[in-house]
2 protein chains.
Amino acid sequence: MGRRPKEVPLLTIDQIIDETIACIDEHGLEAFTMRRLAARMGVYSSAIYWHVSSKARLLALASTRLVSKLPADDEGTDWRVWLLQAARQVRGTMHEHANFAPVFGSQISVDVSAAAPFIEAVLTVLRRTGLDEAQVVDAFNAYIGLVMGWVSMELSAEPDGVHDEGTPGIPLADQLSALRANEQPNLVELLPRLANHAFMMRWDSGRSNPLDSSFDFVIETFIAGLELRIAGA
Amino acid sequence: MGRRPKEVPLLTIDQIIDETIACIDEHGLEAFTMRRLAARMGVYSSAIYWHVSSKARLLALASTRLVSKLPADDEGTDWRVWLLQAARQVRGTMHEHANFAPVFGSQISVDVSAAAPFIEAVLTVLRRTGLDEAQVVDAFNAYIGLVMGWVSMELSAEPDGVHDEGTPGIPLADQLSALRANEQPNLVELLPRLANHAFMMRWDSGRSNPLDSSFDFVIETFIAGLELRIAGA
DNA sequence: ACCTGAACACCGTTCAAGT
DNA sequence: ACCTGAACACCGTTCAAGT
């Protein structure tokens, strides 16, 4: 009944990936180090290189694992409903691993077998709209780039030390209050609503300061536009 | 007439920022090093630290400079036209400095004074739609996150060494052709259109392989949806 | 097969010292 | 004020050596 291994290895690829995700979740991408990962697993950093060829490869494997958690169900739901719900699920998964956002948002390829169920579900739903093949491809790119790109911007964080040490208080808030109404009237008038709640004018990341209503706005508007485009075709 | 400096300094903050952008444009973000920047300017790396407090701060300054090149004109154009054209201009600027995409897409705040003209223009145009104040803020976030997030995904690149050295040929293309039609029928059927032209299924970055029609699709669809939302309100 | 332990070639950053 | 030159505390990665 099964094999009996003489010597149980200390490390497994799956454990390494698990610990990579946990380590980044806890301490952030910048603090993620092969030496730190090794220490956490009670091993020399060189031991990891026996299982995985490089740090870049390890990050790719970790993001592949996260991609495999994306929604893959498609139960003949109305395409509008599915696209909305799936977008929220994708956002939820990304928020759960917010420190991974830069990898999610700037990694060109993942393991296709891990992403295939999600991709297939999106394509299936998009075909249900009646768009032709070329438009389905564009709609796919539009949707994926919109959801993942938008959320990865929402989750963007500030690396330490970008502010000069001399400036006291919250620098960005000070900058905002220094704007003059005669030069940027709309910005100044809307400032109470914009400050820390709009892109380029936030100091807290989407991790602690999520932009829920704006995400709903963008995805709902996109779906409405899709509906219009289909009706017109 | 004017002051006569006794000793002309070798370095200026503006020159440092210029060279930073040039260096990253030429060799990429990963290859950008304080030592490399210093060497290019004929100086010791420690000399740079007299002018700027850290590498992170320098990257923030560089991205601020790029942000200041975003469109700021608003000549009473129809809001649909303006939002479309501005989106294309933003994309154009990002493509010109494609190696900066990760910074663009994941940096939470920029210098507000540099971004203010662009922000003001977007807000002005959005108010012209007739949306109320709360919706203008959401529409602003929707638009900015859509354009910048989408394009930064388009420009994402693959760091070196993410593929195992053993695999021959183009790995992703091989993976795609290995997919079975009974598990992912839509993916397989659309494969000729998807391969290297869709997110998660590309091996060439948007730098060399731009996704023009998909960008048009997403921004036009969003604007159409916005129109519908306004008409309905 | 799988891990140790040391080593190499780099980093960002600091700091005394020069001018 | 502005830069040199060396140094510190790290990195990712390699490799002989152990078991």
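Keep in mind that the numbers below use all heavy atoms, side chains included, and drop hydrogens, waters and symmetry copies. Remember, it's a predicted structure, so these values are computed and weren't measured experimentally. Order of the sequence lines sets the chain letters (A, B, ...), proteins ahead of strands, with each chain counted from 1.
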Rounded to the Å, how far apart are [X] [atom1] and [N] [atom2]?
{"X": "Leu10(B)", "N": "dG18(C)", "atom1": "CG", "atom2": "P", "result": "19 Å"}
{"X": "Ile48(A)", "N": "dG5(C)", "atom1": "CD1", "atom2": "P", "result": "15 Å"}
{"X": "Glu30(B)", "N": "dT13(D)", "atom1": "CD", "atom2": "P", "result": "10 Å"}
{"X": "Ile16(B)", "N": "dC2(D)", "atom1": "CD1", "atom2": "P", "result": "11 Å"}
{"X": "His27(B)", "N": "dC11(C)", "atom1": "NE2", "atom2": "P", "result": "13 Å"}
{"X": "Met34(B)", "N": "dG12(C)", "atom1": "CE", "atom2": "P", "result": "7 Å"}
{"X": "Lys55(B)", "N": "dC10(D)", "atom1": "NZ", "atom2": "P", "result": "18 Å"}
{"X": "Phe32(B)", "N": "dC11(D)", "atom1": "CZ", "atom2": "P", "result": "21 Å"}

| message | Which helical stems does DNA chain D take part in, if a stem means at least 3 consecutive Watson-Crick or G-U pairs with both distances below 3.5 Å? | response | C:4-8 with D:12-16, C:12-16 with D:4-8
Options [options], nucleotide nearest the side-chain atoms of [X]:
{"X": "Thr33(A)", "options": "dT13(C), dG12(D), dC2(D)", "value": "dG12(D)"}
{"X": "Ser46(A)", "options": "dA6(C), dT13(C), dC3(D)", "value": "dA6(C)"}
{"X": "Ser45(B)", "options": "dT13(D), dT13(C), dC3(D)", "value": "dT13(C)"}
{"X": "Tyr44(B)", "options": "dT4(D), dC3(D), dT13(C)", "value": "dT4(D)"}

| message | Ignoring hydrogens and geometry beyond distance, is a side-chain donor-acceptor pair present between Asp111(B) and Thr64(B) at under 3.5 Å? | response | no
| said: Looking only at the side chains, is there a donor atom on one of Ser205(B) and Arg207(B) sitting less than 3.5 Å from an acceptor on the other? | reply: yes
| Salt bridge check: are Arg88(A) and Asp212(A) linked by an N-O gap of less than 4.0 Å? | no
| task | Measure from the side-chain N and O atoms of Tyr49(A) to the backbone N and O of Lys55(A), and report whether any donor-acceptor pair falls under 3.5 Å. | result | no
| message | Closer than 3.5 angstrom, by distance alone: can the side chain of Arg57(B) be matched with the main-chain N or O of Val162(A) as a donor-acceptor pair? | response | yes
| message | Applying ring-ring contact (aromatic ring centres under 6.0 Å, His included), can you list everything that pairs with Phe215(A), at least two apart in sequence or on another chain? | response | Trp150(A)
| message | So Ser54(B), base contact, sugar-phosphate only, or nothing? Heavy-atom distance under 4.0 Å. | response | sugar-phosphate
| said: Go nucleotide by nucleotide along DNA chain D from the 5' end; which of Arg35(B) and Tyr49(A) gets its closest nucleotide reached first? | reply: Arg35(B)
| query | Does a nitrogen or oxygen in the side chain of His51(A) sit under 4.0 Å from OP1 or OP2 of dA1(C)? | reply | no
| said: Counting C-beta onward and ignoring hydrogens, is there a side-chain heavy-atom pair between Met153(B) and Ser106(A) closer than 4.5 Å? | reply: no
